[in-house]
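Order of the sequence lines sets the chain letters (A, B, ...), proteins ahead of strands, with each chain counted from 1.
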Number of protein chains: 2
Amino acid sequence: MINYAGSLDLVFQALADPSRRVMVERLSRGPASVSELARPLAMSLPAVLQHLHVLEASGIVTSEKVGRVRTCRIEPAALRTVEQWVSERRSSWEHRLDRLGDYLAEQPDEANYGREP
Amino acid sequence: MINYAGSLDLVFQALADPSRRVMVERLSRGPASVSELARPLAMSLPAVLQHLHVLEASGIVTSEKVGRVRTCRIEPAALRTVEQWVSERRSSWEHRLDRLGDYLAEQPDEANYGREP
DNA sequence: TGCATAGTTAATCATGTACTTAAGTGTATC
DNA sequence: GATACACTTAAGTACATGATTAACTATGCA
């Protein structure tokens, strides 16, 4: 059962770990097997598998097993939900700053530093 | 001492908690005091303060105390680093898919499903 | 001065996370 | 059929996280 939407909690949590980000970076260059993902990481294979589970639970990565090798790949939809959430908050803040700038520009120039409309 | 760059670890970790995201959403609409941030959250003030420390350590939020009230605001640079990291990985993957599509379009149409060049 | 307000610190506690090792399950290859 | 390969599961452990309550420190105001 895969979480295509990717709840923000799980997605941010998944990306908070540097090893998992290394895995995502590797996968952004193309699909990879579990052992390929493990190669650059200084940890046991079971540990890598646990990280993979976290990434799959978040919806960032999907995988399928053919024969004895499991091939993993990125699910861009999950990454898009993060991008969107972050960019909405940031641009909300930045547009607010613009509006505040406009407001202050219209006011007489006194003691406005740090004040809010 | 504030982390303006915002290490990816700390930033993703900070955003992984729903209460902290509520705080960021509130701040994206403008600066707020600690108790304003606390109002919609069902937890004690010390707990909110701990979340605020996490957000500040990540560089997402800054604050300054004037009189007895501490005013918090968003630091958009930290949010931009997240946006950038995620969008780079995603677009790397998506452009790779484009190139793969081009490659397959040039190949004879047989048993290419799921294969990599 | 006295008392409420806004925030802060410290100590504590229950879970959750990121590993580990040891042992087990299918697949390929000889 | 035997043996190696590529995971997979289970169990255990050390440390981090998210909350709590109790007690404390300014600041502002009547």
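- A straight line from CG of B:D9 to C1' of D:dT17 spans 15 Å, rounded to a whole angstrom.
- The shortest heavy-atom contact between A:L79 and A:I74 is CD1-CG2, 4.2 Å.
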Practice problem: May I have the step-by-step check of side-chain hydrogen bond (donor to acceptor under 3.5 Å, both in side chains) for B:E56 and B:T62, ending in yes or no? | Solution: CA-CA 6 Å; B:E56 293 201 71; B:T62 58; over 6 Å; no

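- Within residues 17-28 of chain B, the residues having any heavy atom under 4.0 Å from DNA chain D are, by residue number, B:D17, B:R20.
- Both A:L37 and A:L41 sit in one connected hydrophobic cluster of ILVMFWY residues. Membership requires side-chain heavy atoms under 4.5 Å apart, directly or through other members.
- Of the two residues contacting DNA chain D, namely A:V34 and A:Q13, the nearest-nucleotide position lying further toward the 5' end is that of A:V34.
- Atom pair A:E56:CD and D:dC7:C1' shows a separation of 13 Å (rounding to whole Å applied).
- Ion pairing between B:E94 and B:R89 fails under the 4.0 Å rule for side-chain N and carboxylate O.
- Residue-to-nucleotide proximity on DNA chain C shows that, of A:A16 and B:L52, the 5′-proximal contact is made by B:L52.
- Note: NE2 (B:H51) to C1' (D:dA16) measures 14 Å, nearest angstrom.
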Could you list all N or O pairs between the protein and nucleotides 21-27 of chain D that sit under 3.5 Å apart?
{"residue": "D:dT27", "atom": "O2", "partner": "B:R68", "partner atom": "NH1", "Å": "2.8"}

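- Looking only at atom types and distance, the side chain of B:T71 has no donor-acceptor partner in the side chain of B:E64 under 3.5 Å away.
- Residues satisfying the side-chain hydrogen bond (donor to acceptor under 3.5 Å, both in side chains) criterion with B:E83, sequence neighbours excluded, are A:R90.
- Residue A:L49 holds its CG atom at 8.0 Å from CZ of A:R70, rounded to the nearest 0.5 Å.
- Between A:K65 and D:dT8 there is a side-chain polar atom (N or O) within less than 4.0 angstrom of OP1 or OP2.
- Between the CD atom of B:Q50 and the P atom of D:dT17 there is a distance of 11 Å, rounded to whole Å.
- The hydrophobic cluster containing A:L8 also contains A:L55, counting ILVMFWY residues as joined when their side-chain heavy atoms lie under 4.5 angstrom apart, directly or transitively.
- There is no path of hydrophobic side-chain contacts, each under 4.5 Å, that joins B:V61 to B:V54.
- Put simply, chain A comes within 4.0 Å of DNA chain C, heavy atom to any atom, from C:dA18 to C:dA28, going 5' to 3'.
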Run the side-chain donor-acceptor check on residues 13-20 of chain A: report pairs under 3.5 Å with partners two or more places apart or on a different chain.
{"residue": "A:D17", "atom": "OD1", "partner": "A:S19", "partner atom": "N", "Å": "2.9"}
{"residue": "A:D17", "atom": "OD1", "partner": "A:R20", "partner atom": "N", "Å": "3.2"}
{"residue": "A:R20", "atom": "NE", "partner": "A:A14", "partner atom": "O", "Å": "2.7"}
{"residue": "A:R20", "atom": "NH1", "partner": "A:H51", "partner atom": "ND1", "Å": "3.0"}
{"residue": "A:R20", "atom": "NH2", "partner": "A:Q13", "partner atom": "O", "Å": "3.1"}

Donor-acceptor contacts, no H, no angles, side chain residues 22-33 of chain B, under 3.5 Å, sequence neighbours left out:
{"residue": "B:E25", "atom": "OE2", "partner": "A:W85", "partner atom": "NE1", "Å": "3.4"}
{"residue": "B:R26", "atom": "NH1", "partner": "B:G30", "partner atom": "O", "Å": "3.0"}
{"residue": "B:R26", "atom": "NH2", "partner": "B:P31", "partner atom": "O", "Å": "3.4"}
{"residue": "B:S28", "atom": "OG", "partner": "B:E25", "partner atom": "O", "Å": "2.7"}
{"residue": "B:S33", "atom": "OG", "partner": "B:E36", "partner atom": "N", "Å": "3.2"}

